[in-house]
Amino acid sequence: TDQFREVLNADIRTPIPTALVTRITSLPPFIPLQGVSNFRDLSHDGNKLRPGFVYRSGNLSDIFGAGKSIIATELGITTIFDLRNEGERQKAPAPFITGVDTIWLPYGAQPTTLDLRDFAGPDKGAAGFVKMYLGILEAAAPCFTEIFKHIRDNPEDPFIVHCSGTSRVYLIALAACKYLHSPLN
């Protein structure tokens with residue numbers, strides 16, 4: 001706990017020791033998979049998502065055989081929603097995992113262009129973050145639609161949201177929480 005606090009309070013320009021990063025990312029909610037960074041179950045900290053249902057992953061292209069087996073067999077994942085853009089997919093193609101469908105869901109539009117001045121001012125950047133996240137929500141509407149259809153039609157089939165940035169997946173997780181706990185569902 002003290003080490004986590006130290007990392008959180010460190011100057012952003014201070015490199016975090018590799019051993020500490022490895023230790024942190026080997027603890028829940030992270031799931032260590034050889035060749036994959038930042039793979040984790042999104043059900044944590046009381047966010048009301050069912051454990052073992054929605055996962056988040058960074059680059060999956062370097063996943064090894066054992067990791068593929070963990071995804072398909074141990075975790076029971078049936079679908080990977082790839083939210084990366086075409087350039088990201090060309091640099092790091094999605095892996096083939098037997099029994100797991102990969103669905104590419106590019107954004108429907110470009111997110112709102114931001115100006116660094118959006119993050120300056122007395123609100124300490126709050127307005128800039130609101131603008132940024134609203135832009136992502138608008139641009140990713142087609143992605144949300146397909147993921148919600150999966151949740152509706154396959155409520156017992158765990159899935160991965162595969163993207164390069166964390167903002168996209170956290171917005172989807174938040175929206176999924178709201179969707180799954182809506183009185184209409």
Side-chain angles (χ1 to χ4, degrees), residues 4 21-85 88-89 92-108 111 129 132-134 136-185:
F4 294 146
V21 171
T22 301
R23 190 166 146 251
I24 291 169
T25 58
S26 68
L27 299 170
F30 294 97
I31 300 170
L33 295 176
Q34 196 170 24
V36 178
S37 64
N38 205 1
F39 186 87
R40 61 183 180 257
D41 186 336
L42 288 182
S43 63
H44 62 88
D45 297 333
N47 66 11
K48 298 184 182 180
L49 273 178
R50 182 173 77 232
F53 185 59
V54 183
Y55 295 89
R56 185 261 182 240
S57 180
N59 184 8
L60 286 169
S61 67
D62 294 329
I63 192 169
F64 294 96
K68 290 179 180 183
S69 177
I70 289 169
I71 284 175
T73 307
E74 289 181 34
L75 301 177
I77 292 166
T78 61
T79 307
I80 298 170
F81 291 103
D82 189 340
L83 305 186
R84 299 172 304 147
N85 65 39
E88 292 169 321
R89 287 174 50 90
F96 173 78
I97 302 175
T98 303
V100 179
D101 293 324
T102 298
I103 300 170
W104 182 36
L105 297 175
Y107 279 14
F129 281 103
M132 177 179 72
Y133 285 120
L134 286 174
I136 292 170
L137 281 170
E138 289 174 15
C143 302
F144 288 134
T145 300
E146 293 306 312
I147 291 171
F148 292 154
K149 284 179 185 177
H150 175 86
I151 292 168
R152 179 195 67 204
D153 298 342
N154 306 285
E156 301 304 318
D157 294 349
F159 61 95
I160 298 171
V161 179
H162 178 195
C163 65
S164 298
T166 57
S167 297
R168 292 176 267 194
V169 76
Y170 284 121
L171 285 171
I172 288 172
L174 178 61
C177 286
K178 298 292 185 196
Y179 175 84
L180 291 171
H181 294 91
S182 160
L184 300 175
N185 294 306

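Hydrogens, waters and symmetry mates are skipped; everything else that's a heavy atom, side chains included, is used. Small disclaimer: the values here were computed from a predicted structure and weren't measured.
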Please report the closest heavy-atom contact between S43 and G52, naming both atoms and the distance. OG-N, 4.1 Å
Mind listing the side-chain donor-acceptor pairs of residues 66-79 below 3.5 Å, one per line with the distance, residues two or more places apart or on another chain?
unit_1, atom_1, unit_2, atom_2, d
K68, NZ, F96, O, 3.2
T73, OG1, S69, O, 3.3
T78, OG1, P158, O, 3.4

Please say whether more than 12 non-hydrogen atoms of neighbouring residues, nucleotides or ligands are located less than 6.0 Å from CZ in F129. no
Mind running side-chain contact (heavy atoms from CB on, under 4.5 Å) on Y55 and I31 for me, showing each step along the way? CA-CA 10 Å; Y55 295 89; I31 300 170; 3.5 Å; yes
Applying ring-ring contact (aromatic ring centres under 6.0 Å, His included) to F64 and not counting sequence neighbours gives none
When rounded to the nearest 0.5 angstrom, what distance separates CD1 in I160 from CG in L42? 10.5 Å
Side chains of residues 140-148: which donor-acceptor partners sit under 3.5 Å, not counting sequence neighbours?
unit_1, atom_1, unit_2, atom_2, d
T145, OG1, A141, O, 3.1
E146, OE2, K149, NZ, 3.4

Tell me the closest heavy-atom pair linking F53 and D157, and the distance in Å. CE1-O, 3.6 Å
Pairwise distance CH2(W104) to CZ(F81) - rounded to 0.5 angstrom: 15.5 Å
Check for a donor-acceptor pair, side chain of R89 on one end and backbone N or O of D82 on the other, with a separation under 3.5 Å. no
Using the salt bridge (Lys or Arg N to Asp or Glu O under 4.0 Å) criterion, which residues pair with D41? Sequence neighbours excluded. none
Can you find a heavy atom in the side chain of I97 that is under 4.5 Å from one in the side chain of I80? yes
Residues 96-105 vs salt bridge (charged side-chain N to carboxylate O under 4.0 Å, His left out), sequence neighbours excluded, gives none
Please name all residues satisfying side chain to side chain contact (heavy atoms under 4.5 Å, CB included) with D62, sequence neighbours left out, ordered by chain then number. N59
Check whether any side-chain N or O of H162 sits under 3.5 Å from a backbone N or O of L83 as a donor-acceptor pair, and report yes or no. no
